[in-house]
Amino acid sequence: MAQEDVFKKIVSHCKEYGFVFPSSDIYDGLGAVYDYGQNGVELKNNIKQYWWKSMVLLHENIVGLDSAIFMHPTVWKASGHVDAFNDPLIDNRDSKKRYRADVLIEDQIAKYDEKIDKEVAKARKRFGDSFDEAQYRATSPRVLETIAKRDALHERYAQAMNDMNLEELKQIILDEEIACPISGTRNWTDVRQFNLMFKTEVGSTADGASTIYLRPETAQGIFVNYLNVQKTGRMKLPFGIAQIGKAFRNEIVARQFIFRMREFEQMEMQFFVKPGTELDWFKKWKQTRLAWHQALGFGNENYRFHDHEKLAHYANAASDIEFRMPFGFKEVEGIHSRTNFDLSQHAKYSGRKIEYFDPETNERYTPYVIETSIGVDRMFLSVMCHSYCEEQLPNGDSRVVLRLPAALAPTKLAIMPLVRKDGLPECARKIMDDLKFHFNCAYDEKDSIGKRYRRQDAVGTPFCITVDHDTLTDGCVTLRDRDTMEQTRVPVADLCSLLEDKVSITSLLKKL
């Protein structure tokens with residue numbers, strides 16, 4: 001099945017099973033805005049809990065923060081967002097559709113990569129076990145020609161983005177003969193910049209109202225609270241401040257479901273270090289964050305680093321952790337060495353000294369910062385994309401199953417009486433009442449046991465408990481594993497301790 005079709009099924013599954021709904025759905029929705037349903041909010045909360053505990057619980061020198069969405073407008077002047085937070089946009093005159101010029105070019109680069117991979121796949125099929133992929137990539141005229149085109153385009157694109165040369169970006173689109181996906185034509189407008197911040201007003205009257213912005217990132221709330229946290233917490237370098245919160249960007253080209261939205265949630269940690277040590281910490285945090293993703297068990301081959309050639313004006317190093325989505329490798333987390341730009345800018349604009357006194361050297365300096373920033377919604381999508389599975393069973397049946405990591409699953413345990421009589425529902429309810437203090441449990445007594453299993457498979461519930469007539473005499477239940485579908489008899493008294501090791505966030509944290 002084509003990956004595009006797989007992705008469509010995932011989007012459909014998210015709505016059908018209460019994970020993600022279009023916002024204002026009864027009014028035909030609002031573009032690039034989504035609501036999380038009853039299962040989605042549980043999965044999302046578990047992702048956030050996994051991140052928060054991995055930061056604040058496992059690191060003595062990282063503390064939490066929850067800053068306001070509304071901030072003094074000068075914050076965004078100091079950070080550079082008012083003047084420089086722009087996307088290069090281009091319109092197709094025939095389809096009337098608007099695109100990000102940089103995304104069009106990046107998609108073209110990806111097409112060259114796909115062409116290379118297809119050539120390699122055909123050669124592997126042709127030569128079989130004797131195929132040497134490295135040698136083929138280094139000697140095949142077709143592959144070398146495509147690599148040369150790809151590298152030339154990449155170099156030209158990187159230079160244009162570094163210079164923010166809008167005319168060159170358009171020329172690249174024309175030279176590469178990139179067509180509008182809707183109209184199929186190359187009738188493009190000029191490229192122009194578009195600021196992504198949402199504006200609003202605060203004040204009781206129109207005359208007295210002040211223009212403020214919905215924050216486009218959560219990082220600045222950490223920077224402006226650096227002094228408050230450092231002093232009240234008596235924090236010593238190196239230390240970090242972690243935050244989870246909503247951010248807003250007026251994305252004109254929002255696409256790929258919840259991958260790019262106008263209202264989204266971030267999990268960010270700013271790690272303050274002594275100048276001169278930042279690149280060592282940058283390397284450490286790259287590996288620490290990659291290990292956090294890999295602990296979910298999605299396969300190391302589905303992750304890769306993408307080191308930035310075009311650095312933001314405040315950074316001296318930047319890298320993305322990319323995950324293999326159905327639509328290619330895409331960024332799910334960024335790690336950036338932001339130097340001392342943010343704290344220095346806020347010191348300049350506020351008139352306050354934002355420094356650290358080092359008791360070991362008796363000197364004052366502005367700390368450097370390593371940032372780790374992960375989109376909750378993108379992380380949610382990566383989890384759903386990897387977990388969705390259509391499976392053919394040995395008996396000829398099929399099932400749709402979400403192989404969610406047990407610690408992230410919305411519901412950990414479904415409790416089912418085999419029949420709705422003979423005291424089985426009462427016994428199942430008693431088990432439910434005991435376990436609900438430890439796990440998010442579901443109770444289901446409708447339909448055949450097979451249909452109930454399928455429902456739980458579709459929402460990713462890792463374990464099901466069936467209460468049968470033998471339970472009333474031997475005190476044991478049937479425990480069914482979602483992934484293997486194996487069933488074992490387990491004493492009711494052992495359920496809590498047995499499941500705790502398998503479904504708790506702690507079971508994930510122990511892998512880090």
Side-chain angles (χ1 to χ4, degrees), residues 19 36 39-69 215 217-226 228-230 232-233 235 238-247 258 261 263-272 281 284-298 303 321 323 331-336 369-384 387 404-412 438-440 460 500-512:
F19 285 90
Y36 285 84
N39 287 317
V41 71
E42 295 291 343
L43 173 56
K44 192 178 185 186
N45 284 341
N46 289 338
I47 291 171
K48 290 190 285 187
Q49 187 181 21
Y50 174 42
W51 182 87
W52 186 265
K53 288 188 173 182
S54 73
M55 286 292 180
V56 177
L57 189 67
L58 299 190
H59 297 92
E60 294 179 19
N61 59 344
I62 297 178
V63 295
L65 180 74
D66 184 7
S67 65
I69 289 171
R215 65 183 181 192
E217 65 177 26
T218 59
Q220 299 306 319
I222 294 176
F223 295 131
V224 299
N225 276 294
Y226 163 79
N228 289 332
V229 174
Q230 193 273 319
T232 59
M235 308 298 292
F239 74 91
I241 303 176
Q243 177 171 214
I244 300 175
K246 286 290 186 77
I258 58 173
M261 300 193 295
E263 176 185 341
F264 56 97
E265 201 162 10
Q266 289 181 303
M267 303 184 292
E268 293 198 325
M269 193 279 297
Q270 309 296 328
F271 196 71
F272 301 93
W281 281 109
K284 290 178 182 177
W285 276 110
K286 278 181 65 176
Q287 297 307 317
T288 299
R289 295 306 307 146
L290 182 62
W292 183 88
H293 289 274
Q294 291 175 338
L296 293 172
F298 292 165
Y303 298 94
I321 295 176
F323 181 76
E331 174 195 355
V332 293
E333 178 162 7
I335 300 99
H336 311 105
V369 179
I370 306 301
E371 172 186 74
T372 72
S373 177
I374 177 171
V376 181
D377 309 278
R378 290 188 179 188
M379 186 65 202
F380 182 103
L381 184 59
S382 69
V383 170
M384 290 296 294
S387 300
L404 297 169
L408 301 186
T411 303
K412 311 300 185 190
H438 305 277
F439 315 106
N440 190 6
E500 180 69 28
D501 291 337
K502 298 178 183 294
V503 304
S504 69
I505 295 293
T506 303
S507 66
L508 276 180
L509 296 177
K510 288 179 178 179
K511 297 179 181 179
L512 299 178

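The closest side-chain heavy-atom distance from Leu509 to Leu57 is below 4.5 Å. At least one side-chain heavy atom of Lys510 sits under 4.5 Å from a side-chain heavy atom of Thr506. Contact check for Ser67 versus Asn225: side-chain heavy atoms found under the 4.5 Å cut-off. Glu500 has its side chain within reach of Phe439: a pair of non-hydrogen atoms, C-beta onward, lies under 4.5 Å apart. Looking only at side-chain heavy atoms (C-beta outward), His293 and Ser382 stay at 4.5 Å or farther from each other. Between Glu42 and Asn440 the shortest side-chain heavy-atom distance falls below 4.5 Å. Residues Phe264 and Val376 are not in side-chain contact: their nearest non-hydrogen atoms beyond the backbone lie 4.5 Å or more apart. Counting only heavy atoms from C-beta outward, the side chains of Leu408 and Leu296 approach each other to under 4.5 Å.
Minimum heavy-atom separation, Val229 to Met235: O-CG, 3.7 Å. Looking at every heavy atom in both residues, Ile62 comes nearest to Ala242 through CG2-CB, 4.1 Å. Nearest heavy-atom pair across Gln243 and Ile222 is NE2-CG1, 3.5 Å. Considering all non-hydrogen atoms of both residues, Leu508 and Ala295 come closest at CD2-O, 3.6 Å. The minimum heavy-atom distance between Leu65 and Gly221, with the atom names listed, is CD2-O, 3.6 Å. Shortest non-hydrogen contact noted between Ile321 and Leu290 is CD1-N, 3.7 Å.
Taking the six-membered ring wherever Trp is involved, the centroid distance between the rings of Phe298 and Tyr303 does not fall below 6.0 Å. Between Phe239 and Phe271, the ring center distance fails the sub-6.0 Å criterion.
Annotation: cation-pi pair Arg289/Trp292 present, NZ/CZ under 6.0 Å from the ring centroid and within 45° of its normal. In this structure, Lys284 is positioned above the aromatic face of Trp281, its NZ or CZ under 6.0 Å from the six-membered ring centre and within 45° of the axis.
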* To do: List the steps, then state whether side chain to side chain contact (heavy atoms under 4.5 Å, CB included) holds for Tyr36 with Ile258.
  => CA-CA 10 Å; Tyr36 285 84; Ile258 58 173; 3.6 Å; yes
* Between Tyr226 and Phe272, is a ring-ring contact (aromatic ring centres under 6.0 Å, His included) present by the stated rule, with each step listed? -> CA-CA 9 Å; Tyr226 163 79; Phe272 301 93; 4.9 Å; yes
* Asked: Can you check side chain to side chain contact (heavy atoms under 4.5 Å, CB included) on Tyr50 and Leu512, steps first, answer last?
  -> CA-CA 11 Å; Tyr50 174 42; Leu512 299 178; 3.8 Å; yes
* After noting the C-alpha distance and the side-chain angles of Leu58 and Met55, does the key distance pass the side chain to side chain contact (heavy atoms under 4.5 Å, CB included) rule? -> CA-CA 6 Å; Leu58 299 190; Met55 286 292 180; over 6 Å; no
* Evaluation steps, side chain to side chain contact (heavy atoms under 4.5 Å, CB included), between Met261 and Asp377 -> CA-CA 9 Å; Met261 300 193 295; Asp377 309 278; 3.3 Å; yes
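In terms of modelled atom types and a separation under 3.5 Å, the side chain of Asn61 and the main chain of Gly240 share no donor-acceptor contact. Judged by distance alone, the side chain of Thr232 and the main-chain N or O of Asn228 form a donor-acceptor pair under 3.5 Å. No side-chain donor-acceptor contact under 3.5 Å links Ser387 to the backbone of Met384. Between the side chain of Gln266 and the main chain of Ile244, no donor-acceptor pair closer than 3.5 Å is present. Counting only distance, with no hydrogens or angles, the side chain of Lys412 and the backbone of Ala407 share a donor-acceptor pair below 3.5 Å. Within the 3.5 Å criterion, the main-chain N or O of Ser54 finds a donor-acceptor partner in the side chain of His59.
With Lys246 as reference, Glu263 is the one residue of Glu263, Glu268, Glu265 to meet the salt bridge (charged side-chain N to carboxylate O under 4.0 Å, His left out) rule.
Heavy atoms of other residues, nucleotides or ligands lying less than 6.0 angstrom from NZ of Lys502 number 12 at most.
From Phe380, atom CZ reaches atom CG of Asn45 across 10.5 Å, with rounding to the nearest 0.5 Å. In this structure, the separation between CD1 on Ile370 and OG1 on Thr288 is 11.5 Å, given to the nearest 0.5 Å. Atom CE in Met267 sits 4.0 Å away from atom CD1 in Ile374 (nearest 0.5 Å). Note: Glu217 CD to Ser373 OG = 7.5 Å, rounded to the nearest 0.5 Å. Atom NZ in Lys44 sits 14.5 Å away from atom CG in Asn39 (nearest 0.5 Å).
Ion pairing between Glu333 and Arg378 fails under the 4.0 Å rule for side-chain N and carboxylate O.
There is a side-chain donor-acceptor pair under 3.5 Å between Gln270 and Glu371.
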